[in-house]
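A quick write-up on the structure given underneath.
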Protein chains: 2
Amino acid sequence: MARPRFLKLPPQQQQAILRAALEEFAAHGFHDASLNRVIEAAGISKGSMYYYFDGKEDLYAYVAQTEFAGLFERVGPPPDFDAGDAESFWSALEDYYRQLLQALAASPQLAAMLRGWSAAAKNPAFQEVQGELEQASVPWIEQALAAGQKVGAIRDDLPASLLIAVALGMGEAMDLWLMSQPVDPGSLPAQVHGLIDMMRGAFAPRGPAQQAGNAIL
Amino acid sequence: MARPRFLKLPPQQQQAILRAALEEFAAHGFHDASLNRVIEAAGISKGSMYYYFDGKEDLYAYVAQTEFAGLFERVGPPPDFDAGDAESFWSALEDYYRQLLQALAASPQLAAMLRGWSAAAKNPAFQEVQGELEQASVPWIEQALAAGQKVGAIRDDLPASLLIAVALGMGEAMDLWLMSQPVDPGSLPAQVHGLIDMMRGAFAPRGPAQQAGNAIL
DNA sequence: ACACCCTTTAGACCACTGGTCTAGACTGGT
DNA sequence: ACCAGTCTAGACCAGTGGTCTAAAGGGTGT
């Protein structure tokens, strides 16, 4: 994850490399990004690049981590999900999700990288990197799940791994859908509400009356 | 999509090429699969391969399409979703989904290809191919959605494109989760029931009492 | 039997990829 | 002045997907 030597570089050169890499990865995704182009755009030699980073994956992981860290820093820490009742849990989640999306909309390159992230993460060679990053950017899903179960907002009749997988899948689909829409700050809250409402329907505990989803019947 | 010449080949040689390609793609995914290895394994020359197929993507798309078609043929056509009430809609969906999964479990190579499919499909160069295949294998999601709305089993307060996107995302996550579990035919029905129950919670219409998910409150 | 044309095959060749390696430039310490 | 360690440049490597040319087959008309 970025040889320490890299951090000793003058920040200006660090920035040049990072900017070139971000641009390339955002434009082409991980696989079709060309390390040679990054090297050329950054104005360094191949030897230097491999002196600072272990390789393409390492560079990608570092850029992604850095950018994500910046995003979460801009938004601030997640609220305490496990203080209050189920109702406040869901509204806190909705608020936080909306803030994240607004921040993401402000950095289109990061959004583009995220779009290709899940594809890259399926590469077996990436699971190690993904593990590191999941502990740095996705962990709050796991925590939020546990917190939700504690306050009775989330069902506990299914395996946690399944809940996490489906939550990630839904989240990814929602993010992609939102990013494919024209960005309208005015309607975003309503859209986010609809999304969280679907999550709530999927993950809320089932009442004694079999399923809760069919209130219309 | 597979030059017509290919179809005029003796079936035996078609099989040899298809088997080699399926094996390679299943083992390495689209990107890391080597066309040269496929050529070697199939025992043909590079010129012949490019004479029969437009390129790597074309070969992949053809193999995927062929295998999927075989799967759907094995399972049979989907039932009529729009006959009956909401309750029968959901149980028909559950049955059909379970049958598909059982068939999929019987062909591990197809399962492996599917695992890498969504990753490959995110490549812009693939959207054309994906479009063709979505019309061949996923269209019933769209139809099922419309049918479900007709019988009052599916909400219609959100854009259809969003429902489709989320349904695809949830489906993909569920498939991947199931394929990562040890296959236990005995517990599969219960797992499928849990998955459909989550879908139901997300997509069922909301009753007049705001949300239906919080029946526990 | 010959010539003709179209289909098919073989594989050399191309630009490019990520990654390795070596030779040397630069630096600070003695 | 010498040496050791840090850093840089870029030639080089095996492998990639894809193109292209030259020749081999195979059928048909004469």
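Letters A, B, ... mirror the listed sequences (proteins, then strands); counts begin at 1.
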Next item on the list: Determine, step by step, whether B:D175 and B:Y97 satisfy the side chain to side chain donor-acceptor pair (under 3.5 Å) criterion, reporting the C-alpha distance in whole Å, the side-chain angles of both residues, the deciding distance to 0.1 Å, and the verdict.
Entry: CA-CA 10 Å; B:D175 293 347; B:Y97 184 44; 2.7 Å; yes
Item checked: Aromatic centroids of B:F6 and B:Y51 separated by under 6.0 Å -> no
Next item on the list: Go through the steps to decide whether B:L35 and B:K46 satisfy the test side chain to side chain contact (heavy atoms under 4.5 Å, CB included), and finish with yes or no.
Entry: CA-CA 9 Å; B:L35 200 55; B:K46 202 160 204 175; 5.8 Å; no
If you restrict it to nitrogen or oxygen atoms, what contacts under 3.5 Å exist between nucleotides 14-16 of chain D and the protein, and what is each distance?
residue	atom	partner	partner atom	Å
D:dT16	OP1	B:S34	OG	2.9
D:dT16	OP2	B:N36	ND2	3.3

Over all strands shown, is [X] touching base, sugar-phosphate only, or nothing at heavy-atom distances under 4.0 angstrom?
{"X": "B:Y52", "result": "sugar-phosphate"}
{"X": "B:F6", "result": "nothing"}
{"X": "B:G47", "result": "base"}

Check: What are the two closest heavy atoms between B:L9 and B:Q14, and how far apart are they?
Finding: O-NE2, 3.1 Å
Would you mind reading off the distance between [X] atom [atom1] and [N] atom [atom2], rounded to a whole angstrom?
{"X": "B:K46", "N": "D:dT21", "atom1": "NZ", "atom2": "P", "value": "17 Å"}
{"X": "A:I44", "N": "D:dG10", "atom1": "CD1", "atom2": "C1'", "value": "13 Å"}
{"X": "B:E40", "N": "D:dG17", "atom1": "CD", "atom2": "C1'", "value": "16 Å"}
{"X": "B:Y51", "N": "D:dG25", "atom1": "OH", "atom2": "C1'", "value": "12 Å"}

Check: Is there a side-chain contact between B:R5 and B:F53, using heavy atoms and a 4.5 Å cut-off?
Finding: no
Checklist line | Parallel, tilted or perpendicular: rings of A:H31 and B:H31 (30°, 60°) | finding: parallel
Checklist line | Parallel, tilted or perpendicular: ring planes of A:F25 versus A:Y60, cut at 30 and 60 degrees | finding: perpendicular
Check: Reading DNA chain C 5' to 3', which nucleotide is the first, and which the last, to come under 4.0 Å of any heavy atom in chain A?
Finding: C:dT17 to C:dT20
Item checked: Pairs flagged by salt bridge (Lys or Arg N to Asp or Glu O under 4.0 Å) wherever residues 8-28 of chain B is involved - sequence neighbours left out -> B:E24-B:R37
